[in-house]
Amino acid sequence: MDRIRCVDVSKCFLRSNMETMIAHRYLRRRSPASDWFWALEGVDLTLSGSGKRLGIIGDNGSGKTTLLRVIAGVTQPTSGTVVVNGRVVPLLELGAGMHPDLTGRENIYLNGILLGMRRHEVRRKFDAIVEFAGVSEFMDMPLKHYSVGMTMRLGFSVAIHVDANILLVDEAWGVGDAGFQARSLEQMRRMHAQGVSSLLVSHDLTIIRQLTDEVLWLQSGRVAAFGPTESVVKSYLAANSERRRS
Amino acid sequence: MRQSRFRIERSPKPSLRWTLELLWSLALHRVSIRYKETLFGFGWIFLQPVALTFIFTYIFHRFAKIPSGNTPYALFAATGLVAWSLTALVISQSSSSVTNHNVLLKRVALPKVLLPLSAVIATLADLGVMIVLLIGLFVYYQVPLSLTAAWALLVFAVHLALLIGLSCLVSLANVFLRDIGQAIPFLLQLWFFVSPVFYPASMVPAEFRGLAKWNPMTGIIEGYRAVLFVGKPPAWDFMGPAVLVTVCVLVAGIACFRRLEGIVADIL
C-alpha cells in the first residue's frame, strides 16, 4: 500500500494576499506571470509499505518544508495529486500548537486532540506522555514558565504518543539536551520497527544516513534525485563541493 | 501552462466525534485563557451590561423619554443589551480567531472552520452569565414570564445561525485584508446605533423602517422582546427578513470557508 504518493505536485506563491486568492480561483485562465514563485514544480514521490523511511535534503529554500506542509495537509498544492493513507503526525515545529497561558496539563490535552487523538486516548496515555517529557512536577504551571527545552520535550512526547502511521519530521533535534536527543532517536527507531513510516527533513547528513533508507533531493522546487540514501547523499555532496570550487 | 487542478485523497478521514471534541477543547481553552490571571474573572462579563443598563435607563428613559410600552425600561434595555452584547462579543472575538492561530495553522492540519466556531461557543459562556442578570431584572420588577417565552429558543437559533455565519465571514476576511480587524470596532458601533437596543423598532422613522427591517438584529432583538414580555410570537414582518438575511450570511460564510481554507495557511 502506498503511504504517500505525490504525482506532479506544484505549489506557487504570490506577492500579496489578494493576488494569492485571485490566482487560486482563476489560475487556469491567466497565463503565468514572471512574479509567480514556484516553490514546488512537478514533484513526484512515493513512500509505500510500512516502516519505510524517506529523507528529504536540499539547500535552504528548495521547497522541503513546503512539500512537508502539502503532505501534512496544512496547505493545498496548486496542482498535482497527493494521496495519503494513514494517520499523519507532524513534528514540524515542536510545541507549535501549544499555548503559553495554558498549563502543561491543558496543553497536553489540547495538543493531543489537535494531533488527532481522542480525549479518552489522551487520558489513558497522560502519565506516559508526562514521564517521557520528564516534566511531571510542572503539570499545573503555565507553559510560559517552562524553558524552551521543556516545551519542546513536551511537544515531542505528545506527538510520539499519537498512534501515527506516518511521521513528518522537520529538524526536530535542534533543541533538547544530549540525553533527550538520544532518547528521541531511539524512540524513532522503535516506531520504525513497529511499522511507522517517516519522512524526515534535515540538513544533518549524519542523521539522514542513520534514519533513512531513501532520499529525495530537492533543488529549487524540482526533484534533483530520488533513490537509496547513500548514493543520493554522495551526489548531493559532490554537487556541493563542485559548486564551492567553481 | 500549468493548470490549477489538484486532487487530494486522505484516509482515514477525521471522525465526527474527534471533530466535536476538538471544537469543544478549543472553546474550553479559549474561555480559560480569556479570564486567566484577571482579578474579577467572569465578573467582567457582568460589568458591561449592568453599567450600560443603568446609564441607558438614566439617559434614554429619564432624559430622552424613550417609551418602552408596559415593560419597565431597564428590562426593555437590558434585553436589547444582552442580545447585542452577544453579537458584539462574538464578532470581536472571532475576527482574530483565524489570524491569531497562524503558528498552529502552518503546522497542524485541522478543519479551520473550527476556529471561528470555537469563538462562538466560548462566547456562549458569557451569555450564560448575562442571562442571570436578565433573570434578576425579571424578578426585581416582578414581570411574569409569558408562555410565549418558549419562542425565545427559536429566536436564539436564528441569532446563533447569524453569528456563526458572520464569524466565519469576518475571521476569513481578516486573513486576506487586515483592515477588517481595524474596522470592526467602528462598524460594531455603527451597527449598535441602527439596531433597536435602547429604543423600540416602532420609533424608527417611517421612511427608514423599510431599511431597518433588513438589519437582522432588528428582527432578533424585537423578537426577544415580543416573546419574553409582550407575550406575542415574533412579529414576522421583522423576523422574516432577519431569517432571510441569516440564511444568506450562513450560506455565504460556509461557502467561503470551504473555498478558501486551503490557502489560508499560505498567507497568514
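The chains referred to below are lettered A, B, ... by the order of the sequence lines, with proteins before strands, and numbering in each begins at 1.
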Around atom CG of B/Leu20, are there more than 12 heavy atoms of other residues, nucleotides or ligands at under 6.0 Å?
-> yes
The reported gap from OG1 in A/Thr103 to NE2 in B/His29 (rounded to nearest 0.5 angstrom) is 7.5 Å
The reported gap from CD in A/Glu121 to CD in B/Glu21 (rounded to nearest 0.5 angstrom) is 9.5 Å
Is any side-chain heavy atom of B/Glu9 closer than 4.5 Å to a side-chain heavy atom of A/Val82?
-> no
Option that, when pairs with chain B are counted at under 4.5 Å, heavy atom only, ranks first among A/Val70, A/Asp101, A/Val7, A/Leu114 | A/Leu114
Please tell me if the side chains of B/Trp18 and A/Ile113 come closer than 4.5 Å, counting only heavy atoms from C-beta onward.
-> yes
Contact part of B/Pro12 toward chain A, heavy-atom cut-off under 4.5 Å: side chain, backbone, both or neither?
-> both
How close do A/Arg119 and B/Ser25 get, heavy atom to heavy atom, and via which atoms?
-> NH2-OG, 3.0 Å
Taking every non-hydrogen atom, the tightest pair across A/Asn85 and B/Ser11 | OD1-OG, 2.7 Å
Distance-only donor-acceptor check, side chains B/Ser15 and A/Arg118, under 3.5 Å = no
Separation between CD of B/Glu261 and OG1 of A/Thr75, rounded to the nearest 0.5 Å | 11.0 Å
For the atom pair CG (B/Leu28) and OH (A/Tyr109), what is the distance rounded to the nearest 0.5 Å?
-> 12.0 Å
Does a side-chain heavy-atom distance below 4.5 Å link B/Ile8 with A/Val84?
-> no
With the threshold set at 4.0 Å, does a side-chain nitrogen-carboxylate oxygen contact exist between B/Asp266 and A/Arg69?
-> no
Chain B contact via A/Ile4 - which portion, at a heavy-atom distance below 4.5 Å | neither
Would you say the side chain of B/Ile33 lies within less than 4.5 Å of the side chain of A/Leu102, judging by non-hydrogen atoms?
-> yes
Checking heavy atoms, do the side chain of B/Leu105, its backbone, both or neither come under 4.5 Å from chain A?
-> backbone
Mark yes when over 12 heavy atoms from residues, nucleotides or ligands other than B/Arg34 sit less than 6.0 Å from its CZ; otherwise mark no.
-> yes
Engaged part of B/Ser32 at the chain A interface, taking heavy atoms whose separation is under 4.5 Å = side chain
Heavy-atom proximity to chain B below 4.5 Å, by part of A/Val89 | neither
Other residues, nucleotides, ligands: >12 heavy atoms within 6.0 Å of A/Gln187 CD | yes
Measuring heavy-atom distances to chain A, does B/Leu114 have an atom under 4.5 Å in its side chain, in its backbone, in both, or in neither?
-> neither
What one should report as the nearest heavy-atom pair of A/Val74 and B/Lys112 is O-NZ, 3.8 Å
How long is the gap from CZ on B/Arg10 to CD1 on A/Ile71, to the nearest 0.5 Å?
-> 8.5 Å
Near A/Arg124 CZ, under 6.0 Å, is it more than 12 heavy atoms from other residues, nucleotides or ligands?
-> yes
